[in-house]
Amino acid sequence: MDTSRSSSQSAGNITVEGNAGVLVARLDGGPHAVFDPEMSKQLKELVDRADRDPDIHAVVFTGTHPDRFLSHSDVRWLQKGGTGFPPINTGLAKLVARSARLINRVPVVRTLAGMTRLKTLLQLDSFHATFLKMNASGTIFVAALNGSALAVGAELAFACDLRIMADGEYVIGLTEALLALTPGGGGSQRLPRLIGTQQTLLAVLEGRPFTSAEALSLGAVDEVVPKEKVLARSIERAEYLSLRSKKSLGAIKRSIYFGSSLSLEDGLQFEHAEFLVRDQSKEAQGRMLEYIAATEATGELPLLNRETYARALAAGRIGGSSSE
Amino acid sequence: MDTSRSSSQSAGNITVEGNAGVLVARLDGGPHAVFDPEMSKQLKELVDRADRDPDIHAVVFTGTHPDRFLSHSDVRWLQKGGTGFPPINTGLAKLVARSARLINRVPVVRTLAGMTRLKTLLQLDSFHATFLKMNASGTIFVAALNGSALAVGAELAFACDLRIMADGEYVIGLTEALLALTPGGGGSQRLPRLIGTQQTLLAVLEGRPFTSAEALSLGAVDEVVPKEKVLARSIERAEYLSLRSKKSLGAIKRSIYFGSSLSLEDGLQFEHAEFLVRDQSKEAQGRMLEYIAATEATGELPLLNRETYARALAAGRIGGSSSE
Amino acid sequence: MDTSRSSSQSAGNITVEGNAGVLVARLDGGPHAVFDPEMSKQLKELVDRADRDPDIHAVVFTGTHPDRFLSHSDVRWLQKGGTGFPPINTGLAKLVARSARLINRVPVVRTLAGMTRLKTLLQLDSFHATFLKMNASGTIFVAALNGSALAVGAELAFACDLRIMADGEYVIGLTEALLALTPGGGGSQRLPRLIGTQQTLLAVLEGRPFTSAEALSLGAVDEVVPKEKVLARSIERAEYLSLRSKKSLGAIKRSIYFGSSLSLEDGLQFEHAEFLVRDQSKEAQGRMLEYIAATEATGELPLLNRETYARALAAGRIGGSSSE
């Protein structure tokens, strides 16, 4: 029985429900729920579209497999990727990784390069870039973890802004050490930012995943709910955040994900630049004028009034009027 | 009724008590407790003085408003700041931010530029630099949070070394998303360093502040005490830290705030340089010689003797003699 | 009574048990359990050997003193180090630190420089480089904290991958502020990565160490066990991790310690390069092929089968066969 996706007819597929507001993206990695080049390609297209379209505010990912979000990569893909170029050392690998990134930015070169033995390498780099775009985007990405997620399955979840996981005998984590590998989809970079360096180090050295309960207590997921409520709760949280200005959410995400990973001084400048762009936007200018008008009309600052503030959180905006 | 500070006669004011040891700085932002250009200017002068004067060891900030530390910025100031220059994109904004920083360093250019439409922009950058100087200084800054602190009010508190907050229905946090903005006073950079990236992300995307209890449990403040004890407890902690060498405290603050935000390798070099400067200082040389003498006189290492150590913590120094 | 190590006949010594698998290194700093130039030299030799030798998988450090892991440095060494060069400011110190690093990389220059007054400075820089090599190595380093560890004693423990501490009246921490110094062996850089910036700041500004219980609750140590079990438990955990591929452990340690201290974008590229090198290794290629074969033979992914996974964790590898 041939269970490798790359040599079978079927390939990974992402079914998208909705075309505005909150989209639901169902990850179908076949009977084994694996992540393969076709799913990587569809993921890139979805993220590009969701980032670009001002009417798409959030994407909720979930798995079609009864017990899994995504098992891990198609191992045949990873294995072939390791034979696609001559043996290299770490120094050379850094150059290759840098080139791959540059090549991916030039469509024509990408097509040519894609025909060579660098193809698999470029595919691997391409999903790296997709995860990074998720972090830079004003679109909110939520992982509705209906079951287990190992290796790249966990890494996709860690690249989301929010993780809601099913209660039960499910696990999430980085297993690469057991295959004499090391994480390659951002896991060793994003997990420390969620749960700290030391807890990441111990788990990744062991190749040990977390149960839902452990993941919650460490901060690797944000909520654990009964399995049948995972999707609904994920949509609910996505809708709540979606009421905020998409451009504002993007600026906040970039300031926190990118800015706060820089030196303090550079991070402050990064944040300041994002602030200046927002401050002169028509959207923020309008809200600030409304805020000033509401302050003058009521004699108090709306954000310092508990009821007004609570209404603003529910509406995703303050300003006093319902129009924009 | 005109409640905007910028168009009213009154302006923000900081009253400073004491002129050596631990100063108490009372932030008076008028009836609305807002942060405006005049308060920003006085804050800069105070921080410059406290940093420079070897006899000033700590500054405790508190609000004069009965229920607020600082509400947030004067919104008219922010709003006008967004109209002071042509619409820009993020790339350009980075250049502007960098220029503003450079211009602020050259007094003559600053005066000229201050007359142009860049005035507000330069004011915003100037309080950024003030917060950074607080992090670099051997002076200890404590936020005695007598009430709520939103946006720049929270950001000033996050730029302090210690935060003591009143128990009760007060909140602290970053509300910019509700105005279609993004934090601009360092909040998106300093809060992740206090409570982690993910808790910061969720709160800032929502525009949701923390209650005192939440802030304490997350680590956004260091202590929560009854309101009437906030100032006294803040002074007490400031006095305890003030017994240590001011130059040593500065080196420690820079190593942790700046060094530990660099790559591990650069951070280690940063720390090493700070260590070398301290190691050759007259002050440290004197204490090391005393330590060696005390070791030889007693036959044991003073830091490894529990009683001697407890006395050293209370005195802020070890060495065995009371003179220096 | 002369208790300074540098002027006495005896000098620090490290006794190493075993020559493959898990080594036990006993730190003997004499009656005062201090870290001196001779111990620094032996530590460097041990770390170099353990890193280089593919048959050495872990090193467990413990102290020979009944109540101490390591007290702190020989203070005479630090004090003399501060007199070995003309008074310098922070800017110059950075250059000196950088030069020291470069000089240490060129053996001949090192010998010449070692004869000059820079000798002590170079020794200090040399143990910095040793700690960094521990972080970069595929060898696992464990601190079996049989007792207290202050200053460089704590810094050596923080440079290890795992810390097991004795229950009881022992302390671990950074005491430099009390001598008007600042940490110089990486403590201000590695402790924030273990317990966060704010908890580090408060403790280091005070010069206050943590008890075993506090250290555990903050995350400064990983386990606290009865004193008589510290060494056995440390060896047990070292043996468990040692079953994994040494090269894989090295890639994971570098990705987490170094990669995750870079900007998010640079960290992802760092990780990716480490992944590419592992992916094309004979070792990982073999395991992936075994994994694919096992998947095809059993019809299921071994990592998604709970029993197979549990066995893989115990064996340190997945793949289905016991040979390699």
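Values in this document were obtained by computation on a predicted structure and should not be read as measured data. Proteins get letters first, then strands, A, B, ... in listed order; numbering begins at 1 in each.
Interface residue I140(B): only side-chain heavy atoms are found under 4.5 Å from chain C. For D222(B), the part lying near chain C is the side chain, with the backbone staying farther off; criterion is any non-hydrogen pair under 4.5 Å. Residue D67(C): no heavy atom, backbone or side chain, is found under 4.5 Å from chain B. Heavy atoms of T175(C) lying under 4.5 Å from chain B belong to its backbone as well as its side chain. The part of P192(C) that comes within reach of chain B is its side chain, from C-beta onward, which places non-hydrogen atoms under 4.5 angstrom from that chain. Heavy atoms of L150(C) lying under 4.5 Å from chain B belong exclusively to its side chain. With a threshold of 4.5 angstrom between heavy atoms, L241(B) approaches chain C through side-chain atoms but not through N, CA, C or O. For a residue to count as touching a neighbouring chain, one of its non-hydrogen atoms must lie under 4.5 Å from one of that chain's; by this rule K246(B) does not touch chain C. Only the side chain of R163(B) has a heavy atom closer than 4.5 Å to any heavy atom of chain C.
Rounding to the nearest 0.5 Å places OG1 of T182(C) at 6.5 Å from CD of E271(B). Interatomic distance, T200(B) OG1 to L194(B) CG, rounded to the nearest 0.5 Å: 8.0 Å. Summarising the geometry, atom NE2 belonging to H32(C) is positioned 7.5 Å from atom CZ belonging to R68(C); distances are rounded to the nearest 0.5 Å. Here the straight-line distance linking atom CZ of F158(C) with atom CE of M134(C) works out to 12.5 Å at 0.5 Å rounding. Atom CD of Q269(B) sits about 15.0 Å away from atom CZ of F275(B), to the nearest 0.5 Å.
Looking only at heavy-atom pairs under 4.5 Å with chain C, the residue among S261(B), G267(B), G196(B) that has the most is G267(B). No other option in T197(C), L174(C), L181(C) has as many heavy-atom pairs under 4.5 Å with chain B as L181(C). Between chain B and the residues V204(C), L262(C), L201(C), the most heavy-atom pairs under 4.5 angstrom are made by L201(C). Of the listed residues (G207(C), S263(C), S188(C)), the one with the most heavy-atom contacts under 4.5 Å to chain B is S188(C). If you tally non-hydrogen atom pairs under 4.5 Å between each of K253(B), Q285(B), R193(B) and chain C, the highest count goes to Q285(B).
In terms of modelled atom types and a separation under 3.5 Å, the side chain of R278(B) and the main chain of A180(C) share a donor-acceptor contact.
L145(B) has its side chain within reach of I172(B): a pair of non-hydrogen atoms, C-beta onward, lies under 4.5 Å apart. Two residues are said to be in side-chain contact when any heavy atoms from C-beta on lie closer than 4.5 Å; L178(C) and Y309(B) meet this criterion. Proximity of L202(C) to D161(B): side-chain heavy atoms (C-beta onward) are nowhere separated by under 4.5 Å.
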### Query
Would Y291(B) and Q79(C) count as a side-chain hydrogen bond (donor to acceptor under 3.5 Å, both in side chains) if you check the C-alpha gap in whole Å, the side-chain angles of each, and the deciding distance to 0.1 Å?
CA-CA 10 Å; Y291(B) 190 86; Q79(C) 183 266 321; over 6 Å; no

### Query
Does the pair R254(C) and N135(C) meet the rule for a side-chain hydrogen bond (donor to acceptor under 3.5 Å, both in side chains), with working shown?
CA-CA 7 Å; R254(C) 288 186 297 272; N135(C) 290 155; over 6 Å; no

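Ring-plane geometry between F35(C) and F127(C) is classed as perpendicular, the angle between the planes exceeding 60 degrees on a 0 to 90 degree scale with a lower cut at 30.
Looking at K227(C) and D167(C), no side-chain N of the basic residue comes within less than 4.0 Å of a carboxylate O on the acidic one, giving no salt bridge.
Residues of residues 229-237 of chain B having a heavy atom under 4.5 Å from any heavy atom of chain C, listed by number: R237(B).
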